[in-house]
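In what follows, a single structure is set out as structure tokens and then discussed.
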Amino acid sequence: VTLKVRNERWLELALPGSILDDELVTEELTSGLTTTFAFLVDPRGGRPKGGARIEIRYHLWDEAFHCLAVDAGGQREAKILPSREALKAWWRGLRLRSLDLGSQTTARTRASQVRVTLDVIPFSSKEEEDTQRWLGEVLAQDRDAPREIGAEGRTGGAVNQVFNVLIATSIRRKAVTSYRWTLQIPSGSSP
Amino acid sequence: MRLRSTLVAIGLMVALGASVFFLVQRQLSSSSFVFGAHPEVLEQLETALSTTRELANRDPENQAIYRARFDALDRTLGRLKVLERSREELRRRYQLLLLLIFAGSVVVATSLYAYRQSRHGPRLEKLREALEELAVGRGELVVGVRGRDSIGRIASMIEETSRVMARNRRRLAALRNLSAWQEAARRHAHEMRTPLTGARLGLGRILDLAQTHPEPDDEIQRAASGALEELERLGVFTRQFTSFARLPQPRLRPVNPRDLLRDFATTYAGAWENLQLVVDPEESGDEETGGSTPGRQAPSALVDRDMLRQVLVNLCENSAQAVGDEGGTVRLSARACQGPLLGEGRLESILLEVADDGPGIAEEVRGRLFEPYTTTRTVGEGMGLGLAISKKILLDHGGDLELSSSSASGTVFHLILPGGIPPEPGGDPEKEAP
């Protein structure tokens, strides 16, 4: 990962293509789920943090990678890329605004180093919510099924509800792998 | 009690753990989970996706339909994959939940145990101190631990035991003291009786000779008669000694104490000119050591009627002497008392009360009141054996005689008798006794 300061305000991230060659990442990219790359940029000294997000999903119908990059400035870039090579080229060319240096008060108090963390998450928050909702419905149907056919009485209904919630909320996004870098913030600025 | 509560707590913990295990296991093994996470299902769905897309390519006219079907399949496959990836997290949470329940149960059980210990520790320490004091023979203990639990009950038992032990010690000491006096009286009487008989016979012979002498001497006859009278008085004195020394064992019969008092008051109504005998009606109220039973007839007591009458005579004799010429009243009453008045597991006692309105007993005499030869009468008017004999009679009954109170307004004696024989309906039990 390399850093650049844009317009003396934004700290930009440039990403190495090697991340996409990681075996775990490659596997996730072709899973059919939306692989999320979550960047967290942490300037040392308890100052405000920054971040960016990239979502990539291989769509079988199109046989293409549907990509979305969202940076710290709220800028969104969506792409549909037909191959891994195109994906890697797009990835390498990305410049993600990840930290607003203007919010780091004066130049004197500005951090000289940042810690960049990248979490590779196997599915998106939208897929997480959808599955939680769907699972809740399915478990409710399972629970009600015996009552409908009169095979057996329902016991511990309230407790079952609690466990449904417990199970549904156990569906949580968790990184399959993570990367961490500690980098110097460049002193110069590009226009 | 403690073992039972511990077993209940363990049972509840096991039941709770088993319920949680069962419920979570049931959810985790539900058809949705098992079916949805099966690798073959995921594989078949992926194949179905490819097939649908292939069909769409070969049948472009119905492409929209195939696309909709593809999206539905894709959505389902995506959900199952999300589920599959979360399964490990689910299992981890399940294990964490069980661990938390177990840890919570241990914390609760430990806290309860610690609480009980902190609460019981000082109380147990008081019990230990009380038992130590009991062991060294201290009576009338106050443990200072109250409560309806085991410790509170044990404390009450220790207090009761100390009271009973103190009372029994007093009774034993009195018995030993009286026995020693009895033995001394028996020896004195024995030693006196033989020379007394010899002297009486000798004097009788002298008197006969003086009377049958051809010249009877009146002076000798007067001297001999006077000496015989004195010897007779000495004989009476010796017989009293003997009666104290050889008190018979009581022949116990069930007697209704109230009837006994009524009979006594009737029989001895005119025995003391300066004394009026009054039997109090049925009482209701509380006794310090327990409580009389309101409205309930006093149970019968096993007593020797004649000996108990002798005790009452002795007490009334003392009262008559105390009230003097002014006269007075002796009130007699009987009631049943709950509580270990006499120990040995006796929960019910009969208490006869003899109360006069005399000037009271001098304080310096009260401490040795029941010792033989303790009297306030002038020499020659009494030997001071009445109360000692009375005490011995009550002790021989398994009861006791106590000075309850004495003041300028009167003196009260308590005759305590072991009770517990239920009253016979409609009659004096003595009449039906064998």
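Residue numbers start from 1 in every chain, and the chains themselves are labelled A, B, ... in the order their sequence lines are given, proteins ahead of strands.
- Within a 6.0 Å radius of CZ in B:R67, other residues, nucleotides and ligands contribute more than 12 heavy atoms.
- Proximity of B:R79 to A:R133: side-chain heavy atoms (C-beta onward) are separated by under 4.5 Å at one or more points.
- B:R85 touches chain A through its side chain: at least one heavy atom from C-beta onward sits under 4.5 Å away, while N, CA, C and O do not.
- Annotation: B:R148, atom CZ; neighbour count of heavy atoms from other residues, nucleotides and ligands within 6.0 Å does not exceed 12.
- The environment of CD in A:Q184 is crowded: more than 12 heavy-atom neighbours from other residues, nucleotides or ligands sit within 6.0 Å.
- Residues of residues 23-33 of chain A that come closer than 4.5 Å to chain B, counting heavy atoms only, are A:E28, A:S31, A:G32, A:L33, ordered by residue number.
- Here the OG1 atom belonging to A:T131 is positioned 11.5 Å from the CZ atom belonging to B:R75, to the nearest 0.5 angstrom.
- Taking non-hydrogen atoms and a 4.5 Å limit, the residue list of residues 80-96 of chain A in contact with chain B is empty.
- Two residues are said to be in side-chain contact when any heavy atoms from C-beta on lie closer than 4.5 Å; B:D71 and A:W61 fail this criterion.
- Residues of residues 118-126 of chain A having a heavy atom under 4.5 Å from any heavy atom of chain B, listed by number: A:P122, A:F123.
- Of residues 59-66 of chain B, those residues lying under 4.5 Å from chain A by any heavy-atom pair are B:Q63, B:Y66.
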